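Because the structure is predicted, anything quoted here is derived from the model rather than measured. Lettering of chains follows the sequences in order, A, B, ..., and the numbering in each one begins at 1.
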Protein chains: 2
Amino acid sequence: MDDATGKIGLSTAAYVVLGMVRLGARTGYEIKQMTEQSIRYFWTISPVQIYPSLTQLEASGLITGREDPQGRRPRRVYEITDAGQAALREWLGRPGPIPFELRDLGLVKLFFADALDPGQAHDVLRAVRERSEDRVAALRAVEPTARAARDRGAAYPELTLLMGIAFHQAMADLCRDFEQRYADAADGEPGSATQPLL
Amino acid sequence: MDDATGKIGLSTAAYVVLGMVRLGARTGYEIKQMTEQSIRYFWTISPVQIYPSLTQLEASGLITGREDPQGRRPRRVYEITDAGQAALREWLGRPGPIPFELRDLGLVKLFFADALDPGQAHDVLRAVRERSEDRVAALRAVEPTARAARDRGAAYPELTLLMGIAFHQAMADLCRDFEQRYADAADGEPGSATQPLL
DNA sequence: TTCGTCATGTAAGAAGTTACATGATTTC
DNA sequence: GAAATCATGTAACTTCTTACATGACGAA
């Protein structure tokens, strides 16, 4: 999976952490929060990856950390360095394949839906459509935040949000097309395969 | 990840194998081929999962296998049973959440692209767009196969193919929008974040 | 006779997630 | 004073992928 990390010994997770520090996340905890609020729909990192990444990034001089306890609660805050800015840009611009992985059980079930009778297939179609519609609604709810970020100098988060919306909207629209097309096409029995269909 | 497999002791991989047998794949090898040609863009299974699944499915009476060596080369061919048809339908219709996972390094890089100067950001945008355009072209090349399958009783594979196309087309279109919008907006320097942007 | 394909597996390793563990601070 | 949040980690467990291993058949 490290197609795009290259020779340098930083994992993708570390670059994500670096990028989040650049965007103003100061502690591991804030990085996790920010990640959940922004890129969770197309990337995830767990605390298990965040804290070692912070240590490694600091050791490499890409961020600087200092203790800033709140009362008796320990806390370490980080900032990106010039070297960190450069490393982030190098990674963002690094050529090579850009892995894209989709794992969608809904599409799998739709793929096999010919095994069902029309009524049941319709139910699968509706379930997948409603899932995408819910996702669209969830993403639209974040739009104001993305617009606010754009007005403060970060325009690209809004683009990735719009892509998520367009993506799921396209799936929902196609589901609806199929639902209508096969609404009254009560063919009756599910297809039986006596010879390979694919 | 087994949110949707439920109490019964079959993994998602086993149901996929079952579905592929129903669609006419007779051996483990053919299942792998068919999987590569059809659902690989939204699901993957490796031979390591296929062969144990076949054993398990046969032990459960959902498929029947018989030896059918070609010359001295061993070979075991399978067929789905009525119980297998029922199990597949039960799984396809099983209610509950439908996991959807996207992991896209392209979106991650776009998300952080404000750290780049406009020219470099444009390059990232173009790289992501070209990737999606390539994917659209690859999927369109499979359309005749999907249409042929539809005419022989399997209409849903075409739907999942159309979804893949629509999905990537939407991403490519949005990239192009942004490329044009920021084509001459040479703001100059990359955004610097002195306070949290998100 | 050599290469590509058919066919079925095993073993080791990388990667990531879940659950656990701790404890302070703030809010109700 | 109870619950939610802040904050940082560890250990165990899955899960998946990669590489390896074997060997026959068909075509060039």
[X] [atom1] - [N] [atom2] separation (whole Å):
| X | N | atom1 | atom2 | result |
| --- | --- | --- | --- | --- |
| B:Gln49 | C:dG9 | CD | P | 15 Å |
| B:Trp43 | D:dT15 | CH2 | P | 12 Å |
| A:Arg66 | D:dA7 | CZ | P | 13 Å |
| A:Ile31 | D:dT8 | CD1 | C1' | 12 Å |
| A:Arg72 | C:dT26 | CZ | P | 12 Å |
| B:Ile50 | D:dT15 | CD1 | C1' | 16 Å |
| A:Arg26 | D:dA7 | CZ | P | 10 Å |
| B:Leu105 | C:dA15 | CG | P | 14 Å |

Report task. Tell me whether the OP1 or OP2 atom of C:dT17 has a side-chain N or O from A:Thr44 closer than 4.0 Å. Result -> yes
Query raised in the report: Residues in side-chain contact (heavy atoms from CB on, under 4.5 Å) with A:Pro47, at least two apart?
Result: A:Lys32, A:Tyr51
Check salt bridge (Lys or Arg N to Asp or Glu O under 4.0 Å) between [X] and all other residues, then give those that pass, not counting sequence neighbours.
| X | result |
| --- | --- |
| B:Arg147 | none |
| B:Glu158 | B:Arg150 |
| B:Asp68 | B:Arg75 |
| A:Glu133 | A:Arg129, A:Arg176 |

Please set out all donor-acceptor pairs under 3.5 angstrom arising from side-chain atoms of residues 58-66 of chain A, sequence neighbours excluded.
unit_1, atom_1, unit_2, atom_2, d
A:Glu58, OE1, A:Arg76, NE, 3.4
A:Glu58, OE1, A:Arg76, NH2, 3.3
A:Glu58, OE2, A:Gly65, N, 3.1
A:Glu58, OE2, A:Arg76, NH2, 2.8
A:Ser60, OG, A:Gln56, O, 2.9

Query raised in the report: Does B:Ser46 or A:Pro52 map to a spot on DNA chain D nearer the 5' end, using the closest nucleotide for each?
Result: A:Pro52
Taking N or O atoms only and anything under 3.5 Å, show me the protein contacts with nucleotides 4-7 of chain C, one pair per line.
unit_1, atom_1, unit_2, atom_2, d
C:dC6, OP2, B:Tyr29, OH, 2.8
C:dC6, O3', B:Arg73, NH1, 3.2
C:dC6, O2, B:Arg73, NE, 3.4
C:dA7, OP1, B:Arg75, NE, 2.5

Query raised in the report: Got a donor-acceptor contact below 3.5 angstrom from the B:Asp114 side chain to the A:Ala155 backbone?
Result: yes
Query raised in the report: Considering the terminal five base pairs at each end of the helix from C:dT1-D:dA28 to C:dC28-D:dG1, what angle separates the two local helix axes, rounded to 10°?
Result: 30°
Report task. Take atom CG of B:Asp82 as the centre, draw a 6.0 Å sphere, and report whether it contains more than 12 heavy atoms from other residues, nucleotides or ligands. Result -> no
Side-chain donor-acceptor pairs of residues 164-175 of chain A under 3.5 Å, sequence neighbours excluded:
unit_1, atom_1, unit_2, atom_2, d
A:Gln169, NE2, A:Asp173, OD1, 3.1

